[in-house]
**Student:** 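Structure below; questions to follow.
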Amino acid sequence: MVHYGGQSAKKSGLLDRIFKALEVEGVDYVSLGGVVPNPRLSKVYEGIELCKEEDVDFILAVGGGSVIDSAKAIGYGMANQFCDVWDLYTGKEQPTGCMPIGAVLTIAAAGSEMSNSSVITNEDGWYKKALDIDYGRCKFAVMNPELTYTLPEYQTESGCTDIMMHTMERYFVVEDTMDLTDSFAEDVMKNVMVNAKILLDDPKNYDARAEIMWAGSVSHNGLTGCGTNGGDWATHLIEHELGGMFDVAHGAGLAAVWGSWARYVMDEKPERFAKFAKNVMGVEDQGDVKKTALAGIEAVEDFYHSINMPVNMKELGIEPTDEQIEEMAMKATNENTVELGAFKKLKAEDLVKIYTAAK
Ligand code: NZQ
Ligand code: ZN
(Lines give C-alpha, C1' and ligand atoms only; values in the text may rest on other atoms or scores of the structure.)
(Ligands and ions follow the chains in the order given, each with its own letter.)
Protein backbone atom coordinates (compact mmCIF):
# COMPACT_ATOMS: atom_id res chain seq x y z
CA MET A 1 0.00 0.00 0.00
CA VAL A 2 1.34 3.40 -0.99
CA HIS A 3 0.36 5.84 1.78
CA TYR A 4 0.54 9.60 1.29
CA GLY A 5 -0.68 12.98 2.53
CA GLY A 6 -2.69 15.83 1.07
CA GLN A 7 -1.49 17.41 -2.13
CA SER A 8 2.27 17.87 -2.23
CA ALA A 9 3.36 14.43 -3.48
CA LYS A 10 0.67 14.49 -6.18
CA LYS A 11 1.48 18.01 -7.30
CA SER A 12 5.20 17.41 -7.53
CA GLY A 13 4.70 14.31 -9.69
CA LEU A 14 6.46 12.11 -7.10
CA LEU A 15 3.48 9.79 -6.63
CA ASP A 16 3.15 9.19 -10.36
CA ARG A 17 6.84 8.35 -10.54
CA ILE A 18 6.43 5.84 -7.73
CA PHE A 19 3.30 4.25 -9.24
CA LYS A 20 5.06 3.95 -12.58
CA ALA A 21 8.15 2.40 -10.99
CA LEU A 22 6.00 -0.18 -9.20
CA GLU A 23 4.21 -1.01 -12.46
CA VAL A 24 7.50 -1.39 -14.33
CA GLU A 25 8.69 -3.81 -11.65
CA GLY A 26 5.38 -5.71 -11.68
CA VAL A 27 4.56 -4.91 -8.05
CA ASP A 28 0.81 -4.83 -7.34
CA TYR A 29 -0.23 -1.92 -5.18
CA VAL A 30 -3.16 -0.03 -3.72
CA SER A 31 -2.95 3.53 -2.49
CA LEU A 32 -4.39 5.56 0.35
CA GLY A 33 -3.89 9.32 0.61
CA GLY A 34 -5.33 12.02 2.82
CA VAL A 35 -3.02 11.83 5.84
CA VAL A 36 -3.08 15.24 7.55
CA PRO A 37 -0.40 16.80 9.78
CA ASN A 38 -0.91 15.50 13.33
CA PRO A 39 -2.18 12.28 11.69
CA ARG A 40 -5.55 10.97 12.74
CA LEU A 41 -6.64 7.63 14.15
CA SER A 42 -9.63 7.49 11.77
CA LYS A 43 -7.25 7.37 8.78
CA VAL A 44 -5.31 4.59 10.52
CA TYR A 45 -8.51 2.53 10.85
CA GLU A 46 -9.26 3.18 7.15
CA GLY A 47 -5.76 1.97 6.27
CA ILE A 48 -6.11 -1.18 8.35
CA GLU A 49 -9.41 -2.01 6.62
CA LEU A 50 -7.89 -1.47 3.17
CA CYS A 51 -4.85 -3.60 4.03
CA LYS A 52 -7.12 -6.41 5.18
CA GLU A 53 -9.36 -6.23 2.11
CA GLU A 54 -6.47 -6.09 -0.33
CA ASP A 55 -4.12 -8.50 1.44
CA VAL A 56 -1.41 -5.88 1.73
CA ASP A 57 2.00 -7.06 2.97
CA PHE A 58 4.09 -3.89 2.84
CA ILE A 59 3.42 -0.17 3.35
CA LEU A 60 5.36 2.53 1.51
CA ALA A 61 4.97 5.92 3.17
CA VAL A 62 5.48 8.83 0.76
CA GLY A 63 5.69 12.03 2.78
CA GLY A 64 6.87 13.31 6.15
CA GLY A 65 6.51 12.37 9.78
CA SER A 66 2.73 12.37 9.62
CA VAL A 67 2.50 9.92 6.73
CA ILE A 68 5.26 7.68 8.09
CA ASP A 69 3.67 7.64 11.56
CA SER A 70 0.28 6.80 10.05
CA ALA A 71 1.92 3.98 8.05
CA LYS A 72 3.55 2.64 11.21
CA ALA A 73 0.21 2.75 13.03
CA ILE A 74 -1.50 0.83 10.23
CA GLY A 75 1.38 -1.64 10.36
CA TYR A 76 0.87 -2.05 14.10
CA GLY A 77 -2.86 -2.51 13.58
CA MET A 78 -2.24 -5.26 11.04
CA ALA A 79 0.32 -7.10 13.15
CA ASN A 80 -1.64 -6.90 16.41
CA GLN A 81 -5.18 -7.81 15.51
CA PHE A 82 -5.87 -9.13 19.00
CA CYS A 83 -6.54 -5.53 20.12
CA ASP A 84 -7.67 -2.10 18.97
CA VAL A 85 -4.62 -0.28 17.61
CA TRP A 86 -5.28 2.74 19.89
CA ASP A 87 -4.75 0.51 22.95
CA LEU A 88 -1.11 0.21 21.84
CA TYR A 89 -0.76 4.01 21.95
CA THR A 90 -2.30 4.35 25.40
CA GLY A 91 -0.12 1.56 26.78
CA LYS A 92 -3.11 -0.65 27.55
CA GLU A 93 -1.70 -3.35 25.25
CA GLN A 94 1.82 -4.18 24.04
CA PRO A 95 2.59 -4.76 20.34
CA THR A 96 4.29 -7.96 19.29
CA GLY A 97 5.31 -6.76 15.82
CA CYS A 98 4.61 -4.42 12.92
CA MET A 99 4.01 -4.94 9.21
CA PRO A 100 7.15 -3.83 7.31
CA ILE A 101 7.25 -0.14 6.38
CA GLY A 102 9.44 1.80 3.94
CA ALA A 103 9.56 5.54 3.36
CA VAL A 104 10.19 8.08 0.63
CA LEU A 105 10.87 11.17 2.69
CA THR A 106 9.60 14.55 1.44
CA ILE A 107 10.26 16.76 4.49
CA ALA A 108 13.22 16.75 6.86
CA ALA A 109 11.74 17.21 10.31
CA ALA A 110 10.29 14.48 12.50
CA GLY A 111 13.01 11.90 11.89
CA SER A 112 10.37 9.19 11.75
CA GLU A 113 12.23 7.61 8.81
CA MET A 114 14.85 6.38 11.33
CA SER A 115 13.15 6.66 14.72
CA ASN A 116 11.28 3.96 16.63
CA SER A 117 8.38 6.32 17.19
CA SER A 118 4.87 6.85 15.82
CA VAL A 119 2.63 9.68 17.03
CA ILE A 120 -1.13 9.55 16.38
CA THR A 121 -4.01 11.86 17.27
CA ASN A 122 -7.32 10.34 18.38
CA GLU A 123 -10.07 12.74 17.32
CA ASP A 124 -12.27 11.28 20.05
CA GLY A 125 -11.06 13.61 22.82
CA TRP A 126 -8.11 14.96 20.79
CA TYR A 127 -5.51 12.83 22.51
CA LYS A 128 -2.09 12.81 20.83
CA LYS A 129 -0.04 9.79 21.90
CA ALA A 130 3.27 8.20 20.90
CA LEU A 131 4.18 4.55 20.58
CA ASP A 132 7.96 4.14 20.88
CA ILE A 133 9.18 0.65 20.12
CA ASP A 134 11.58 -0.84 17.58
CA TYR A 135 9.13 -3.04 15.65
CA GLY A 136 7.93 -0.05 13.61
CA ARG A 137 11.31 1.21 12.41
CA CYS A 138 11.37 1.64 8.63
CA LYS A 139 13.08 -1.11 6.67
CA PHE A 140 14.49 1.57 4.37
CA ALA A 141 14.14 5.26 3.66
CA VAL A 142 14.78 6.96 0.32
CA MET A 143 16.21 10.37 1.14
CA ASN A 144 16.63 12.67 -1.84
CA PRO A 145 17.10 16.29 -0.72
CA GLU A 146 15.61 17.52 -4.02
CA LEU A 147 12.22 16.16 -2.91
CA THR A 148 12.18 18.84 -0.21
CA TYR A 149 12.65 21.83 -2.59
CA THR A 150 8.90 22.40 -2.80
CA LEU A 151 8.44 22.88 0.97
CA PRO A 152 7.00 26.22 2.08
CA GLU A 153 9.38 28.24 4.27
CA TYR A 154 7.30 27.70 7.40
CA GLN A 155 7.46 23.90 7.04
CA THR A 156 11.19 23.97 6.28
CA GLU A 157 11.97 26.04 9.36
CA SER A 158 9.51 24.22 11.56
CA GLY A 159 11.28 21.02 10.47
CA CYS A 160 14.69 22.49 11.32
CA THR A 161 13.36 23.41 14.77
CA ASP A 162 12.12 19.87 15.35
CA ILE A 163 15.53 18.50 14.33
CA MET A 164 17.28 20.86 16.77
CA MET A 165 14.87 19.81 19.47
CA HIS A 166 15.39 16.07 18.99
CA THR A 167 19.04 16.60 19.86
CA MET A 168 18.32 19.15 22.60
CA GLU A 169 15.89 16.75 24.29
CA ARG A 170 18.69 14.19 24.44
CA TYR A 171 21.34 16.75 25.46
CA PHE A 172 19.57 18.17 28.51
CA VAL A 173 20.11 15.46 31.13
CA VAL A 174 21.40 15.79 34.65
CA GLU A 175 23.61 12.72 34.75
CA ASP A 176 27.15 12.63 33.35
CA THR A 177 27.26 12.07 29.60
CA MET A 178 29.83 10.87 27.09
CA ASP A 179 32.13 13.50 25.60
CA LEU A 180 31.89 11.90 22.17
CA THR A 181 28.09 11.94 22.24
CA ASP A 182 28.09 15.55 23.43
CA SER A 183 30.41 16.49 20.56
CA PHE A 184 28.19 14.74 17.99
CA ALA A 185 25.15 16.44 19.43
CA GLU A 186 26.75 19.88 19.50
CA ASP A 187 27.87 19.53 15.88
CA VAL A 188 24.41 18.41 14.75
CA MET A 189 22.80 21.42 16.44
CA LYS A 190 25.34 23.90 15.03
CA ASN A 191 24.97 22.40 11.58
CA VAL A 192 21.17 22.72 11.70
CA MET A 193 21.35 26.37 12.76
CA VAL A 194 23.71 27.28 9.91
CA ASN A 195 21.71 25.48 7.25
CA ALA A 196 18.29 26.58 8.51
CA LYS A 197 19.43 30.15 7.89
CA ILE A 198 20.80 29.35 4.42
CA LEU A 199 17.45 27.83 3.43
CA LEU A 200 15.59 31.01 4.38
CA ASP A 201 17.14 32.83 1.43
CA ASP A 202 18.03 29.90 -0.77
CA PRO A 203 15.41 27.13 -0.45
CA LYS A 204 16.82 25.19 -3.41
CA ASN A 205 20.33 25.00 -2.00
CA TYR A 206 21.05 21.28 -2.48
CA ASP A 207 23.89 21.11 0.04
CA ALA A 208 21.88 22.82 2.78
CA ARG A 209 18.86 20.58 2.07
CA ALA A 210 21.13 17.53 2.21
CA GLU A 211 22.73 18.59 5.51
CA ILE A 212 19.32 19.18 7.07
CA MET A 213 17.91 15.90 5.79
CA TRP A 214 20.80 13.89 7.20
CA ALA A 215 20.70 15.86 10.46
CA GLY A 216 16.98 15.03 10.74
CA SER A 217 17.70 11.31 10.74
CA VAL A 218 20.83 11.46 12.90
CA SER A 219 19.00 13.66 15.37
CA HIS A 220 16.33 11.07 16.03
CA ASN A 221 17.87 7.66 15.43
CA GLY A 222 19.41 7.48 18.89
CA LEU A 223 23.00 8.46 18.01
CA THR A 224 22.91 11.82 19.77
CA GLY A 225 21.52 10.16 22.89
CA CYS A 226 24.02 7.31 23.21
CA GLY A 227 25.12 7.28 26.84
CA THR A 228 22.79 10.05 27.98
CA ASN A 229 20.16 7.83 29.53
CA GLY A 230 17.52 8.57 26.90
CA GLY A 231 17.03 12.31 27.33
CA ASP A 232 14.33 14.53 28.78
CA TRP A 233 11.42 14.76 26.26
CA ALA A 234 9.17 16.95 28.40
CA THR A 235 9.10 19.71 25.76
CA HIS A 236 7.83 17.20 23.21
CA LEU A 237 5.09 15.94 25.49
CA ILE A 238 4.12 19.52 26.35
CA GLU A 239 3.95 20.33 22.62
CA HIS A 240 2.01 17.22 21.67
CA GLU A 241 -0.94 18.62 23.62
CA LEU A 242 -0.76 21.82 21.55
CA GLY A 243 -0.76 19.68 18.40
CA GLY A 244 -3.69 17.63 19.68
CA MET A 245 -5.79 20.58 20.83
CA PHE A 246 -4.84 23.33 18.35
CA ASP A 247 -3.44 21.39 15.36
CA VAL A 248 -0.24 23.48 15.21
CA ALA A 249 2.87 22.51 13.23
CA HIS A 250 4.95 20.36 15.59
CA GLY A 251 8.31 22.15 15.23
CA ALA A 252 6.79 25.61 15.64
CA GLY A 253 4.94 24.36 18.71
CA LEU A 254 8.22 23.18 20.23
CA ALA A 255 9.83 26.58 19.61
CA ALA A 256 6.91 28.26 21.36
CA VAL A 257 7.30 26.36 24.64
CA TRP A 258 10.99 25.44 24.88
CA GLY A 259 12.17 28.71 26.48
CA SER A 260 9.54 28.47 29.22
CA TRP A 261 10.49 24.87 29.91
CA ALA A 262 14.20 25.75 29.96
CA ARG A 263 13.81 28.62 32.42
CA TYR A 264 11.61 26.45 34.65
CA VAL A 265 14.06 23.52 34.89
CA MET A 266 17.43 25.23 34.48
CA ASP A 267 18.31 25.35 38.17
CA GLU A 268 18.48 21.56 38.40
CA LYS A 269 21.85 21.72 36.62
CA PRO A 270 22.74 25.17 35.26
CA GLU A 271 26.20 23.87 34.29
CA ARG A 272 24.59 21.80 31.55
CA PHE A 273 22.77 24.82 30.16
CA ALA A 274 25.99 26.86 30.41
CA LYS A 275 27.91 24.21 28.45
CA PHE A 276 25.20 24.28 25.79
CA ALA A 277 25.29 28.09 25.74
CA LYS A 278 29.03 28.18 25.10
CA ASN A 279 29.53 25.14 22.86
CA VAL A 280 26.38 25.36 20.75
CA MET A 281 25.09 28.92 20.89
CA GLY A 282 28.52 30.57 20.94
CA VAL A 283 27.71 32.56 24.08
CA GLU A 284 30.67 34.03 25.97
CA ASP A 285 31.19 32.94 29.56
CA GLN A 286 29.33 35.52 31.65
CA GLY A 287 31.46 34.81 34.72
CA ASP A 288 28.47 33.24 36.46
CA VAL A 289 27.09 29.85 35.51
CA LYS A 290 23.42 30.88 35.78
CA LYS A 291 23.95 34.03 33.76
CA THR A 292 25.71 32.02 31.06
CA ALA A 293 22.91 29.45 31.10
CA LEU A 294 20.25 32.16 30.73
CA ALA A 295 22.16 33.85 27.93
CA GLY A 296 22.13 30.49 26.11
CA ILE A 297 18.35 30.23 26.43
CA GLU A 298 17.96 33.75 25.08
CA ALA A 299 20.29 32.91 22.20
CA VAL A 300 18.08 29.96 21.24
CA GLU A 301 15.04 32.24 21.22
CA ASP A 302 16.93 34.77 19.08
CA PHE A 303 17.78 31.97 16.69
CA TYR A 304 14.13 30.87 16.49
CA HIS A 305 13.10 34.44 15.74
CA SER A 306 15.79 34.66 13.06
CA ILE A 307 14.19 31.74 11.20
CA ASN A 308 10.66 33.14 11.73
CA MET A 309 9.69 30.67 14.41
CA PRO A 310 7.63 31.67 17.49
CA VAL A 311 8.96 31.73 21.05
CA ASN A 312 5.59 31.82 22.79
CA MET A 313 2.07 30.64 22.12
CA LYS A 314 0.78 34.04 21.05
CA GLU A 315 3.42 34.17 18.34
CA LEU A 316 2.41 30.62 17.43
CA GLY A 317 -1.08 31.98 16.81
CA ILE A 318 -2.95 30.43 19.74
CA GLU A 319 -4.21 31.82 23.02
CA PRO A 320 -5.28 28.93 25.27
CA THR A 321 -7.58 29.76 28.18
CA ASP A 322 -6.66 28.79 31.74
CA GLU A 323 -9.15 25.90 31.46
CA GLN A 324 -7.51 24.66 28.27
CA ILE A 325 -4.08 24.86 29.92
CA GLU A 326 -5.38 22.80 32.82
CA GLU A 327 -6.84 20.26 30.39
CA MET A 328 -3.54 19.96 28.47
CA ALA A 329 -1.57 19.52 31.71
CA MET A 330 -3.92 16.76 32.86
CA LYS A 331 -3.91 14.96 29.51
CA ALA A 332 -0.11 15.12 29.22
CA THR A 333 0.29 13.55 32.68
CA ASN A 334 -2.52 11.00 32.23
CA GLU A 335 -4.62 12.83 34.84
CA ASN A 336 -1.55 13.58 36.98
CA THR A 337 -0.58 9.92 37.33
CA VAL A 338 2.77 10.21 35.52
CA GLU A 339 5.57 12.76 35.68
CA LEU A 340 7.15 14.15 32.51
CA GLY A 341 10.82 14.71 31.79
CA ALA A 342 14.10 13.65 33.34
CA PHE A 343 16.05 16.90 33.80
CA LYS A 344 13.36 17.84 36.30
CA LYS A 345 10.35 15.64 36.91
CA LEU A 346 7.21 17.59 36.09
CA LYS A 347 3.73 17.10 37.49
CA ALA A 348 0.52 18.61 36.11
CA GLU A 349 0.93 21.72 38.30
CA ASP A 350 4.43 22.28 36.84
CA LEU A 351 3.06 22.00 33.32
CA VAL A 352 0.39 24.59 34.11
CA LYS A 353 3.18 26.99 35.10
CA ILE A 354 5.20 26.24 31.96
CA TYR A 355 2.19 26.67 29.63
CA THR A 356 1.25 29.87 31.44
CA ALA A 357 4.77 31.27 31.14
CA ALA A 358 4.66 30.42 27.42
CA LYS A 359 1.48 32.43 26.82
O1 NZQ B 1 0.04 16.63 3.11
P2 NZQ B 1 0.93 17.27 2.15
O3 NZQ B 1 0.22 17.93 1.04
O4 NZQ B 1 2.02 16.36 1.67
O5 NZQ B 1 1.64 18.52 2.93
C6 NZQ B 1 2.59 18.32 3.96
C7 NZQ B 1 2.08 18.85 5.29
O8 NZQ B 1 1.11 19.82 5.13
C9 NZQ B 1 3.76 19.25 3.68
N10 NZQ B 1 4.81 18.66 2.87
C11 NZQ B 1 5.50 17.53 3.13
N12 NZQ B 1 6.44 17.36 2.19
C13 NZQ B 1 6.31 18.38 1.31
C14 NZQ B 1 5.26 19.21 1.74
N15 NZQ B 1 4.89 20.33 1.08
C16 NZQ B 1 5.57 20.64 -0.04
N17 NZQ B 1 6.60 19.89 -0.50
C18 NZQ B 1 7.00 18.78 0.14
N19 NZQ B 1 8.06 18.08 -0.30
O20 NZQ B 1 4.31 19.55 4.95
C21 NZQ B 1 3.27 19.52 5.92
C22 NZQ B 1 3.79 18.84 7.16
O23 NZQ B 1 4.01 17.48 6.94
P24 NZQ B 1 4.19 16.50 8.18
O25 NZQ B 1 4.42 15.13 7.68
O26 NZQ B 1 3.08 16.72 9.14
O27 NZQ B 1 5.54 17.09 8.85
P28 NZQ B 1 6.54 16.49 9.86
O29 NZQ B 1 7.51 15.61 9.20
O30 NZQ B 1 7.02 17.63 10.63
O31 NZQ B 1 5.67 15.53 10.81
C32 NZQ B 1 4.98 16.03 11.92
C33 NZQ B 1 4.34 14.90 12.70
O34 NZQ B 1 5.35 13.99 13.18
C35 NZQ B 1 5.22 13.85 14.59
C36 NZQ B 1 4.67 15.18 15.01
O37 NZQ B 1 4.13 15.16 16.31
C38 NZQ B 1 3.64 15.43 13.93
O39 NZQ B 1 2.47 14.72 14.18
N40 NZQ B 1 6.49 13.44 15.15
C41 NZQ B 1 6.91 12.20 14.87
C42 NZQ B 1 8.10 11.72 15.37
C43 NZQ B 1 8.54 10.35 15.09
N44 NZQ B 1 7.69 9.52 14.51
O45 NZQ B 1 9.68 9.96 15.41
C46 NZQ B 1 8.96 12.51 16.24
C47 NZQ B 1 8.62 13.95 16.28
O48 NZQ B 1 9.09 14.48 17.50
C49 NZQ B 1 7.18 14.28 16.10
O50 NZQ B 1 6.46 14.22 17.33
ZN1 ZN C 1 9.77 16.32 17.35
**Student:** Does Asp267 have any salt bridge (charged side-chain N to carboxylate O under 4.0 Å, His left out) partners at least two apart in sequence or in another chain, and if so, which?
**Tutor:**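 With sequence neighbours excluded, Asp267 shows a salt bridge (charged side-chain N to carboxylate O under 4.0 Å, His left out) to Lys290, given in chain and number order.
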**Student:** Parallel under 30°, tilted from 30 to 60°, perpendicular over 60°: which one fits the rings of His166 and His220?
**Tutor:**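 Ring orientation of His166 relative to His220: parallel.
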**Student:** Taking atom NZ as the centre, does Lys20 end up with more than 12 heavy-atom neighbours from other residues, nucleotides or ligands that are less than 6.0 angstrom away?
**Tutor:**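 Not buried by this count: 12 neighbours or fewer within 6.0 Å.
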**Student:** Between the side chains of Asp16 and Lys11, is the shortest nitrogen-to-carboxylate-oxygen separation below 4.0 Å, so that they form an ion pair?
**Tutor:**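 Salt bridge flag = no for Asp16 with Lys11.
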**Student:** Sequence neighbours excluded, which residues qualify as salt bridge (charged side-chain N to carboxylate O under 4.0 Å, His left out) partners of Asp132?
**Tutor:**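 For Asp132 there are no salt bridge (charged side-chain N to carboxylate O under 4.0 Å, His left out) partners, ignoring immediate neighbours.
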**Student:** Do Phe172 and Phe273 make the cut of ring centroids closer than 6.0 angstrom?
**Tutor:**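 Yes, they do, as the ring centres are separated by less than 6.0 Å.
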**Student:** Quick check: closest heavy atoms across Val218 and Thr224, and the distance to 0.1 Å?
**Tutor:**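 Closest approach of Val218 to Thr224: O-CG2, 3.9 Å.
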**Student:** Determine yes or no for a side-chain-to-main-chain donor-acceptor pair under 3.5 angstrom, with Tyr76 supplying the side chain and Gly136 the backbone.
**Tutor:**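 Yes; at least one donor-acceptor contact below 3.5 Å.
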**Student:** Look up atom CG in Asp182 and atom CG in Asp187, then write down how far apart they are to the nearest 0.5 Å.
**Tutor:**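 The distance works out to 11.0 Å.
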**Student:** Check whether Leu237 and Leu316 end up in the same hydrophobic cluster, where Ile, Leu, Val, Met, Phe, Trp and Tyr are linked by side-chain heavy atoms less than 4.5 Å apart.
**Tutor:**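 Cluster IDs for Leu237 and Leu316 match.
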**Student:** Which ring pair (Phe, Tyr, Trp, His ring centres under 6.0 Å) pairs, counting each pair once, include a residue from residues 37-56, with sequence neighbours left out?
**Tutor:**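 Ring pair (Phe, Tyr, Trp, His ring centres under 6.0 Å) check on residues 37-56 returns no pairs.
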**Student:** Would you call Asp232-Arg272 a salt bridge at under 4.0 Å N-O?
**Tutor:**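 Judged by the 4.0 Å cut-off on N to carboxylate O distance, Asp232 and Arg272 do not form a salt bridge.
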**Student:** Take a 6.0 Å sphere around CD of Glu284 and say whether it holds more than 12 heavy atoms from other residues, nucleotides or ligands.
**Tutor:**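 Not buried by this count: 12 neighbours or fewer within 6.0 Å.
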**Student:** Evaluate the criterion side chain to side chain donor-acceptor pair (under 3.5 Å) for residue pair Ser112 and Lys72; output intermediate values, then yes/no.
**Tutor:** CA-CA 9 Å; Ser112 184; Lys72 287 176 179 174; 3.0 Å; yes
**Student:** Return yes if a side-chain donor-acceptor contact under 3.5 Å exists between Tyr171 and Glu186, otherwise no.
**Tutor:**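 Per modelled atom types, Tyr171 and Glu186 side chains form a pair under 3.5 Å.
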**Student:** Might you point out which heavy atoms bring Thr148 and Thr106 nearest each other, and give the distance in Å?
**Tutor:**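 Scanning both residues completely, I find the closest heavy atoms to be CG2-O, 3.4 Å.
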**Student:** Would you say the side-chain atoms of Ser217 pair up with the backbone N or O of Gly111, donor to acceptor, closer than 3.5 Å?
**Tutor:**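 Checking the backbone N and O of Gly111 against the side chain of Ser217, no donor-acceptor pair under 3.5 Å is found.
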**Student:** Taking atom NZ of Lys190 as the centre, does the number of heavy atoms from other residues, nucleotides or ligands within less than 6.0 Å exceed 12?
**Tutor:**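 Correct, the count exceeds 12.
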**Student:** At what distance, to the nearest 0.5 angstrom, does CD1 of Ile74 lie from CD1 of Ile48?
**Tutor:**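 Answer rounded to 0.5 Å: 6.5 Å.
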**Student:** Could you give all pairs that pass the side chain to side chain donor-acceptor pair (under 3.5 Å) test and reach residues 306-319, with sequence neighbours left out?
**Tutor:**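 Of all non-adjacent pairs touching residues 306-319, those that pass side chain to side chain donor-acceptor pair (under 3.5 Å) are Glu153-Asn308, His305-Glu315.
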**Student:** Can you list the residues that meet the ring pair (Phe, Tyr, Trp, His ring centres under 6.0 Å) rule with Trp126, with sequence neighbours excluded?
**Tutor:**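 If we apply the ring pair (Phe, Tyr, Trp, His ring centres under 6.0 Å) test to Trp126, skipping adjacent residues, there are no hits.
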**Student:** Name the orientation class of the two ring planes belonging to His236 and His240 (parallel below 30°, tilted from 30 to 60°, perpendicular beyond 60°).
**Tutor:**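 Ring orientation of His236 relative to His240: perpendicular.
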**Student:** So, taking the atom named CG in Leu223 and the one named CE in Met114, what distance separates them when rounded to the nearest 0.5 Å?
**Tutor:**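 If I round to the nearest 0.5 Å, the distance is 9.0 Å.
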**Student:** Does either side chain, that of Glu211 or that of Asn195, offer a donor lying less than 3.5 Å from an acceptor on the other one?
**Tutor:**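 No.
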**Student:** Judged by modelled atom types alone, do His250 and Ser158 share a side-chain donor-acceptor pair under 3.5 Å?
**Tutor:**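 The answer is no; no qualifying pair exists.
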**Student:** Quick test of your reading of the model: are Arg209 and Asp202 salt-bridged, counting only N-O distances below 4.0 Å?
**Tutor:**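 No salt bridge links Arg209 with Asp202.
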**Student:** Counting only heavy atoms not in Asp124, do more than 12 fall under 6.0 Å of its CG?
**Tutor:**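 Result for CG/Asp124: open.
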**Student:** Return the minimal non-hydrogen interatomic distance between Trp233 and Glu169, and the atom names on each side.
**Tutor:**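 For Trp233 and Glu169, the tightest heavy-atom pair comes out as N-OE1, 2.8 Å.
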**Student:** Verify whether one side chain among Asn38 and Thr121 offers a donor that lies under 3.5 Å from an acceptor in the other.
**Tutor:**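 Side chains of Asn38 and Thr121: no pair found under 3.5 Å.
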**Student:** Tell me yes or no: between the side chains of Ser115 and Asn221, is some donor less than 3.5 Å from an acceptor?
**Tutor:**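 There is no such pair (donor and acceptor under 3.5 Å, judged by atom type) between the side chains of Ser115 and Asn221.
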**Student:** Identify each donor-acceptor pair in which a side-chain atom of residues 339-349 lies under 3.5 Å from a protein atom, sequence neighbours left out, and give them as a table.
**Tutor:**
{"unit_1": "Glu339", "atom_1": "OE2", "unit_2": "Lys347", "atom_2": "NZ", "d": "2.7"}
{"unit_1": "Lys344", "atom_1": "NZ", "unit_2": "Glu268", "atom_2": "OE2", "d": "3.4"}

**Student:** Give a yes or no on whether the backbone of Gly47 and the side-chain of Lys52 come within a donor-acceptor separation of less than 3.5 Å.
**Tutor:**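 Judged by distance alone, no pair lies under 3.5 Å.
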**Student:** When you compare the side chains of Ser12 and Thr150, does any donor N or O come within less than 3.5 Å of an acceptor on the partner?
**Tutor:**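 Distance-only check fails for Ser12 and Thr150.
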**Student:** Between Glu157 and Lys197, is the closest basic N to carboxylate O distance under 4.0 Å?
**Tutor:**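 No.
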**Student:** Any chance you could measure Lys331, atom NZ, to Glu326, atom CD, to the nearest 0.5 Å?
**Tutor:**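 These two atoms lie 12.5 Å from each other.
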**Student:** Does any part of the side chain of Lys129, heavy atoms only, come nearer than 4.5 Å to the side chain of Asn122, both counted from C-beta?
**Tutor:**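 No, too far: nothing below the 4.5 Å cut-off.
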**Student:** Are side-chain heavy atoms of Lys128 and Met245 found at a separation under 4.5 Å?
**Tutor:**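 When only atoms from C-beta onward are counted, Met245 and Lys128 do not touch, as no gap falls below 4.5 Å.
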